[in-house]
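Here's the structure, in C-alpha cells; my notes come after.
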Amino acid sequence: MIDTASLRAEQVEKAKAVVKQDRLGFDEPKWIAGADVGFEQDGKITRAAIAVLSYPSLELVEYRVARVPTSLPYIPGLLSFREYPALLAAWERLTIVPQLVFVDGQGIAHPRRLGVASHFGLLVDVPTIGVAKSRLCGHHDELEPFAGAVSPLIDKEEQIGWVWNSKARCKPLYISIGHRVSQESALFWVERSMRGYRLPEPTRWADAIASRRPAFMRWLAAHPEKNVDEG
DNA sequence: GCGACAG
DNA sequence: ATCTTGTCGC
C-alpha cells in the first residue's frame with residue numbers, strides 16, 4: 001500500500017524550502033526548458049521529456065527523454081511523486097543547463113504548496129514555473145473573454161498563482177511559482193515565451209515529445225542527427 | 001457527510 | 001495521462 005499520509009507530510013516539510021522570490025541568475029535567459037511526462041504500455045512506463053529552447057528565438061535546440069518504471073498511480077495532490085523520478089532522469093541527460101524550466105502542472109498552486117513544478121525545482125535547484133492546463137485548487141473571478149485577461153488564483157486568503165487567458169477562445173492557463181521565481185516574474189516569462197498557441201513554446205515542445213505527437217515526429221524526420229531518444 | 005480533484 | 005473521427009466555429 002501507499003503511505004499517502006507520509007507523502008503529504010513530506011510535502012508540508014519540503015514546501016518550507018520553496019523560494020518564492022527571484023533567484024533567477026540572469027537578466028534575460030539564453031535557454032528556457034519545458035518539462036512534461038507521458039506514459040507507455042498502459043502506464044507501466046513513465047516517459048519524461050525535457051525540451052530546451054533558445055531565448056528569445058524560441059527554437060528547439062535540444063531534447064532528452066527518459067523512461068522509468070511507473071512507481072505510483074495518479075493521486076490528486078501527489079502527482080510529483082509519480083513524475084519526478086523520470087523528470088530527474090531526463091534532466092541528467094541534458095548537455096545544456098536550462099536557466100528556467102516550465103513544468104507541466106502546478107507549482108505552489110497546490111493544497112500543501114508543493115506541486116510538481118516546485119518539487120522538481122527544489123530537487124535540481126533551478127528556477128521553475130508551474131504551467132497547468134487545469135485547476136487543482138483555489139478560486140478566481142471569471143476572466144474577461146479575451147487574450148491577456150488575468151486574475152489571481154486564491155486559496156485560503158492567499159494568492160497562489162494566476163489564471164491567464166493565453167489565447168482567445170481557449171481555456172485559461174494556471175501559472176504559479178515553482179521555485180526561485182516571484183509571482184510577477186512567473187507570468188512575465190511565460191508571456192514572453194508565447195508563439196500564438198495556447199501553450200508557451202517550451203511546454204508545447206515538451207508535450208509533443210513526451211507524447212510523441214505528429215509535430216515532433218515531423219521535426220525528428222527533418223533533423224535526424226538530433227534523434228537522441230534512448231540515448 | 002458531500003463534492004472537488006494537476007497529469 | 002490515454003483511447004480516438006468527425007465536426008463545429010473562427
Side-chain angles (χ1 to χ4, degrees), chain A residues 2 4-5 7-8 10-11 14-15 18 34-51 65-90 101-123 128-140 145-147 153-156 160-179 186 190 196-200 202-217:
Chain A
I2 305 156
T4 56
L7 292 179
R8 289 190 176 90
E10 184 179 339
Q11 291 180 322
K14 284 205 161 69
V18 171
D36 191 21
V37 166
F39 296 88
E40 297 176 352
Q41 301 175 33
D42 290 303
K44 263 62 166 190
I45 301 297
T46 300
R47 180 185 53 242
I50 297 182
V65 172
R67 295 174 172 78
V68 306
T70 300
S71 55
L72 203 71
Y74 168 66
I75 302 170
L78 299 181
L79 178 73
S80 69
F81 293 102
R82 169 173 162 89
E83 300 197 337
Y84 85 69
L87 288 171
L88 284 182
V101 184
F102 295 175
V103 181
D104 193 318
Q106 315 291 350
I108 64 169
H110 175 281
R112 290 165 296 282
R113 309 294 183 260
L114 197 80
V116 60
S118 298
H119 199 159
F120 179 70
L122 273 177
L123 292 173
T128 57
I129 297 171
V131 178
K133 298 183 291 299
S134 65
R135 185 190 65 89
L136 172 60
C137 68
H139 57 87
H140 61 87
F146 50 76
L153 179 62
I154 309 291
D155 187 39
K156 297 171 178 168
I160 57 175
W162 306 99
V163 188
W164 178 56
N165 270 339
S166 57
K167 185 178 182 184
R169 297 176 302 283
C170 287
K171 292 189 302 177
L173 256 30
Y174 297 75
I175 310 298
S176 59
I177 291 172
H179 183 50
V190 171
Y197 297 91
R198 180 165 81 120
L199 299 177
T203 301
R204 221 163 65 82
W205 275 110
D207 174 81
I209 297 165
S211 296
R212 315 181 126 278
R213 309 224 182 272
F216 170 60
M217 300 316 270

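Quick note on labels: first sequence line is chain A, next is B, and so on, each numbered from 1.
- Residue A:I160 comes nearest to A:G138 through the heavy atom pair CD1-CA, 4.3 Å, listed as atom of the first residue, atom of the second, then distance.
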Practice problem: Using a 4.0 Å heavy-atom cut-off, write out nucleotides 3-10 of chain C from 5' to 3' as B (base contacted by protein), S (sugar-phosphate only) or - (no contact). | Solution: -------S
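- For A:S211, there are no side-chain hydrogen bond (donor to acceptor under 3.5 Å, both in side chains) partners, not counting sequence neighbours.
- The closest donor-acceptor contact from the side chain of A:Q106 to the backbone of A:S134 lies under 3.5 Å.
- Residue pairs meeting the salt bridge (Lys or Arg N to Asp or Glu O under 4.0 Å) criterion with at least one partner in residues 110-120 of chain A, sequence neighbours excluded, are A:R113-A:D155, A:R113-A:E158.
- A stem is defined here as three or more consecutive Watson-Crick or G-U pairs, each with both distances under 3.5 Å; DNA chain C has none.
- Every residue was checked against the ring-ring contact (aromatic ring centres under 6.0 Å, His included) condition with A:F39, not counting sequence neighbours, and none meets it.
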Under 3.5 Å, N/O pairs linking protein and nucleotides 5-7 of chain B:
from: B:dC5; atom 1: OP1; to: A:R135; atom 2: NH2; distance (Å): 2.9
from: B:dA6; atom 1: OP2; to: A:Y74; atom 2: OH; distance (Å): 2.5
from: B:dA6; atom 1: N7; to: A:G77; atom 2: N; distance (Å): 3.2
from: B:dA6; atom 1: N6; to: A:G77; atom 2: O; distance (Å): 3.1
from: B:dA6; atom 1: N6; to: A:L78; atom 2: N; distance (Å): 3.4
from: B:dA6; atom 1: N6; to: A:L79; atom 2: N; distance (Å): 3.1
from: B:dA6; atom 1: N6; to: A:H110; atom 2: NE2; distance (Å): 3.4
from: B:dA6; atom 1: N1; to: A:V116; atom 2: N; distance (Å): 3.3
from: B:dA6; atom 1: N3; to: A:Q106; atom 2: N; distance (Å): 3.2
from: B:dG7; atom 1: OP1; to: A:K133; atom 2: N; distance (Å): 2.8
from: B:dG7; atom 1: OP2; to: A:S134; atom 2: OG; distance (Å): 2.9

Quiz item: For A:L72 and A:I2, what are the C-alpha separation, side-chain angles and deciding distance, and is it a side chain to side chain contact (heavy atoms under 4.5 Å, CB included)?
Solution: CA-CA 8 Å; A:L72 203 71; A:I2 305 156; 3.7 Å; yes
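- Residue pairs meeting the salt bridge (Lys or Arg N to Asp or Glu O under 4.0 Å) criterion with at least one partner in residues 69-88 of chain A, sequence neighbours excluded, are absent.
- Ring orientation note: the planes of A:H119 and A:F81 are nearly perpendicular, at an angle over 60° on the 30°/60° scale.
- A sub-4.0 Å separation between OP1 or OP2 of C:dT2 and a side-chain N or O of A:S211 is present.
- In DNA chain B, no stem is built from 3 or more consecutive Watson-Crick or G-U wobble pairs with both distances under 3.5 Å.
- By the salt bridge (charged side-chain N to carboxylate O under 4.0 Å, His left out) test, A:R213 is found to be paired with A:D207, residues two or more places apart in sequence or in another chain being considered.
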Could you tabulate the donor-acceptor pairs under 3.5 Å formed by side-chain atoms of residues 168-179 of chain A, not counting sequence neighbours?
from: A:S176; atom 1: OG; to: A:G107; atom 2: N; distance (Å): 2.8
from: A:H179; atom 1: ND1; to: A:V19; atom 2: N; distance (Å): 3.1

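- With sequence neighbours left out, the salt bridge (charged side-chain N to carboxylate O under 4.0 Å, His left out) criterion links A:K133 to A:D104.
- Contacts of A:E40 classified as salt bridge (charged side-chain N to carboxylate O under 4.0 Å, His left out), with partners at least two apart in sequence or in another chain: A:R47, A:R67.
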